[in-house]
Amino acid sequence: MANIFIGKMSQKGQIVIPVALREALGLEKGSKVSFELNGREITIKKLPTALDWADLVKQIPVEEVEFDENGHYDPKKAPDFHDRMVNG
């Protein structure tokens with residue numbers, strides 16, 4: 001069963017996001033969120049920051065691959081290259 005949290009809208013149309021949700025999503029002052037309307041339901045998602053993207057990029061494996069004049073590489077020198085190109 002989903003966790004249910006209650007927020008309240010002000011006269012200006014501002015909604016307070018409950019603390020538990022802000023902490024779970026890592027929302028801080030100035031965080032941007034997107035709203036998706038599907039029928040009568042709204043989905044709120046935190047938009048990634050530059051720091052989020054930087055952390056994600058750090059996780060991408062780095063493998064130096066040298067190609068010869070015919071566009072071929074040595075699979076012994078780059079054993080994971082083919083798998084990453086085919087399977088992502």
Side-chain angles (χ1 to χ4, degrees):
M1 184 171 167
N3 293 322
I4 297 176
F5 300 91
I6 305 295
K8 186 175 180 181
M9 186 165 48
S10 73
Q11 290 179 337
K12 293 182 181 182
Q14 298 168 324
I15 297 175
V16 175
I17 299 172
V19 172
L21 291 177
R22 293 194 312 258
E23 290 175 351
L25 293 175
L27 295 175
E28 299 173 347
K29 180 181 177 182
S31 292
K32 293 186 178 184
V33 296
S34 67
F35 298 88
E36 180 180 337
L37 181 62
N38 186 5
R40 296 187 52 85
E41 293 185 0
I42 298 172
T43 301
I44 302 173
K45 295 179 183 178
K46 177 187 178 195
L47 295 178
T49 65
L51 185 57
D52 293 332
W53 286 114
D55 289 342
L56 183 63
V57 169
K58 286 180 189 175
Q59 298 174 22
I60 297 173
V62 176
E63 180 179 20
E64 233 177 272
V65 181
E66 294 180 18
F67 295 91
D68 64 19
E69 62 277 354
N70 298 315
H72 298 103
Y73 70 97
D74 183 350
K76 291 179 184 175
K77 292 182 179 178
D80 300 324
F81 178 71
H82 177 75
D83 185 53
R84 275 203 309 276
M85 292 297 104
V86 173
N87 300 318

Other residues, nucleotides and ligands only: do more than 12 of their heavy atoms fall within 6.0 Å of CD1 on Ile42?
no
Heavy-atom count check: over 12 atoms from other residues, nucleotides or ligands less than 6.0 Å from Met9 CE?
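Not more than 12 within 6.0 Å, no.
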Just by modelled atom types, is the [Y] backbone N or O under 3.5 Å from a matching donor or acceptor in the [X] side chain?
X     : Y     : answer
Asn70 : His72 : no
Arg22 : Ile17 : yes
Asn38 : Glu41 : no

Can you see which heavy atom on [X] is nearest to which on [Y], and at what distance?
X     : Y     : result
Asp74 : Lys76 : OD1-N, 2.9 Å
Ser31 : Gly26 : OG-O, 4.2 Å
Ile6  : Pro18 : O-CG, 3.4 Å

Report whether [X] and [Y] are members of the same hydrophobic cluster (ILVMFWY, side-chain heavy atoms less than 4.5 Å apart, transitive linking).
X     : Y     : result
Leu21 : Val33 : yes
Phe5  : Val19 : no
Val16 : Leu27 : no

Which distance, rounded to the nearest 0.5 Å, do you find between the [atom1] of [X] and the [atom2] of [Y]?
X     : Y     : atom1 : atom2 : answer
Ile15 : Phe35 : CD1   : CZ    : 6.5 Å
Asp52 : Lys46 : CG    : NZ    : 4.5 Å
Trp53 : Lys58 : CH2   : NZ    : 15.0 Å

Evaluate the criterion side chain to side chain contact (heavy atoms under 4.5 Å, CB included) for residue pair His82 and Tyr73; output intermediate values, then yes/no.
CA-CA 10 Å; His82 177 75; Tyr73 70 97; 3.1 Å; yes
